[in-house]
Structures are given as structure tokens and as C-alpha cells.
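Counting from 1, the numbers follow the sequence of the chain as shown.
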Amino acid sequence: MNNPRNRTGRFLAVREDNDLIRVDWDRGITISDDDARQLIARLAELSPLVCGPMLVNLNGMVSLSRGSLSAFAGNLDISAMALVGHSAVDRLLAGFFIGVHRPPYPTCYFDSEEAGEEWLLGRRHLDRDCVLEPSTFEPVELSLPPEAP
């Protein structure tokens, strides 16, 4: 690994020798706008010259703030994202992010790290000027309650 496994805020992020960035969120948390800012800053430290793929372990995440979802869809300099989870809530959060926020990089949900990593390693881009097509993942049909006033 190129960088030590340093914990930042409520997640652990590391860049591996193959340029894959792994992010492990703490178990059962709600992601705030500040968490998103910290991840974006950490990503710039880990991979300042490489636009690489990112594998994200949701770890039973409870929810994400609207600001964090927007930040992840608009401010991550990555080539592709694999969201890995094991619960119905993880799947719902991933589907909402992909279907509603439409990140500009290919994004897909997996129930195993191995499958996510295999999918990602075929989508590496080695420079910061990479131009990526919108996500090719078909969004999950979601039925969300109306927003409270």
C-alpha cells in the first residue's frame, strides 16, 4: 500500500498499490456534510495525481445528509465507485444515490468486496483529466415518502 491506514473522522481510507481507494465507514452511522468534506479532503491527500476507482464499504449505514449526497455526486475525483453493503438499507441508500443524484462516474452496488473490486479494476483511469460518461447503473425503483414541510 502506498499510504498508511490512517483513520480520518468516522472512516478509514487507503489507496492500494493498484490505485484502488478503499473507504470503510464506521458501522451504523449517518453521514453528515462534514463527513463528506473530510472524505473529499482525504481523497485529495491519498491520490493527488491519479483519478482512480473507489470501493466504499457502507457497513450498515443508517442515512446520509442531502449535502453529503450532493458532494459525493459532484466533488469526488474518481473514475468509478463500487458501493458494498449487506443490508436492505445499504441497497436502498445506494439506489437512491445512483438514481436521484446521478454521479458522473460509473457507480454500482455489490454485496461483496470481491465482486466490487473486480468490477472496479476494469475502470481505472490514470490521469486527472479523465472524462467519464454518466453512471451506467440502472437505478433501483424507489418508493420514498413525501418530504416533510
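Distance check, rounded to the nearest 0.5 Å: CD1 of Ile29 to CZ of Arg27 gives 11.0 Å. Here the CD1 atom belonging to Ile98 is positioned 6.5 Å from the SG atom belonging to Cys108, to the nearest 0.5 angstrom. Separation of atoms CG (Leu49) and CG (Asp77) is listed at 10.5 Å; rounding is to 0.5 Å. Interatomic distance, His86 NE2 to Phe110 CZ, rounded to the nearest 0.5 Å: 12.5 Å. Atoms CG and CZ, on Leu43 and Phe72 in that order, are 10.0 Å from each other to the nearest 0.5 Å.
Looking at Arg10 and Asp26, no side-chain N of the basic residue comes within less than 4.0 Å of a carboxylate O on the acidic one, giving no salt bridge.
Contact check for Arg22 versus Glu117: side-chain heavy atoms found under the 4.5 Å cut-off. Taking 4.5 Å as the limit, some side-chain heavy atom of His101 sits within range of a side-chain heavy atom of Phe96. Using a 4.5 Å heavy-atom threshold, the side chains of Val56 and Met81 count as touching. Between Val84 and Asp111, the closest side-chain pair of non-hydrogen atoms is not below 4.5 Å. Considering only heavy atoms from C-beta on, Asn59 comes within 4.5 Å of Asp24 through its side chain. Side-chain contact between Leu64 and Leu93 is present, with at least one heavy-atom pair separated by less than 4.5 Å. In this structure, the side chains of Leu20 and Leu120 come closer than 4.5 Å at one or more pairs of heavy atoms. Using a 4.5 Å heavy-atom cutoff, the side chains of Pro53 and Tyr105 are not in contact.
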TODO: Evaluate the side chain to side chain contact (heavy atoms under 4.5 Å, CB included) criterion for residues Phe11 and Arg42: first the C-alpha distance (whole Å), next the side-chain angles of each, then the deciding distance (0.1 Å), finally the verdict.
DONE: CA-CA 10 Å; Phe11 63 88; Arg42 179 70 176 136; 4.0 Å; yes
- [ ] Determine, stepwise, if the pair Asn18 / Leu121 fulfils side chain to side chain contact (heavy atoms under 4.5 Å, CB included).
- [x] CA-CA 8 Å; Asn18 60 7; Leu121 292 179; 3.7 Å; yes
TODO: Using the side chain to side chain contact (heavy atoms under 4.5 Å, CB included) rule, take Asn57 and Trp25 through it: C-alpha gap first, then chi angles, then the decisive distance, then the call.
DONE: CA-CA 6 Å; Asn57 285 302; Trp25 288 101; over 6 Å; no
Open item on the list: Under the criterion side chain to side chain contact (heavy atoms under 4.5 Å, CB included), I'd like the reasoning laid out for Thr107 against Leu83: C-alpha separation, chi angles, the key distance, then a yes or no.
Closed with: CA-CA 7 Å; Thr107 307; Leu83 298 166; 4.0 Å; yes
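Counting all heavy atoms, side chain and backbone alike, Ala71 lies closest to Ala36 at CB-CB, 4.1 Å. Nearest heavy-atom pair, Met54 versus Leu76, reported as atom, atom and distance to 0.1 Å: CE-CD1, 3.6 Å. Between Ser112 and Ala115, the shortest heavy-atom contact is OG-N, 3.2 Å. Nearest heavy-atom pair across Ala73 and Pro104 is O-CD, 2.8 Å.
Looking only at atom types and distance, the side chain of Ser68 has no donor-acceptor partner in the side chain of Asp33 under 3.5 Å away.
When atom types are taken as modelled, the side chain of Arg15 and the backbone of Leu46 share a donor-acceptor pair closer than 3.5 angstrom.
A continuous path of Ile, Leu, Val, Met, Phe, Trp and Tyr side chains, each step under 4.5 Å between heavy atoms, connects Val100 with Ile31, placing both in one hydrophobic cluster.
In terms of the salt bridge (charged side-chain N to carboxylate O under 4.0 Å, His left out) criterion, Asp90 has no residue partners (sequence neighbours excluded).
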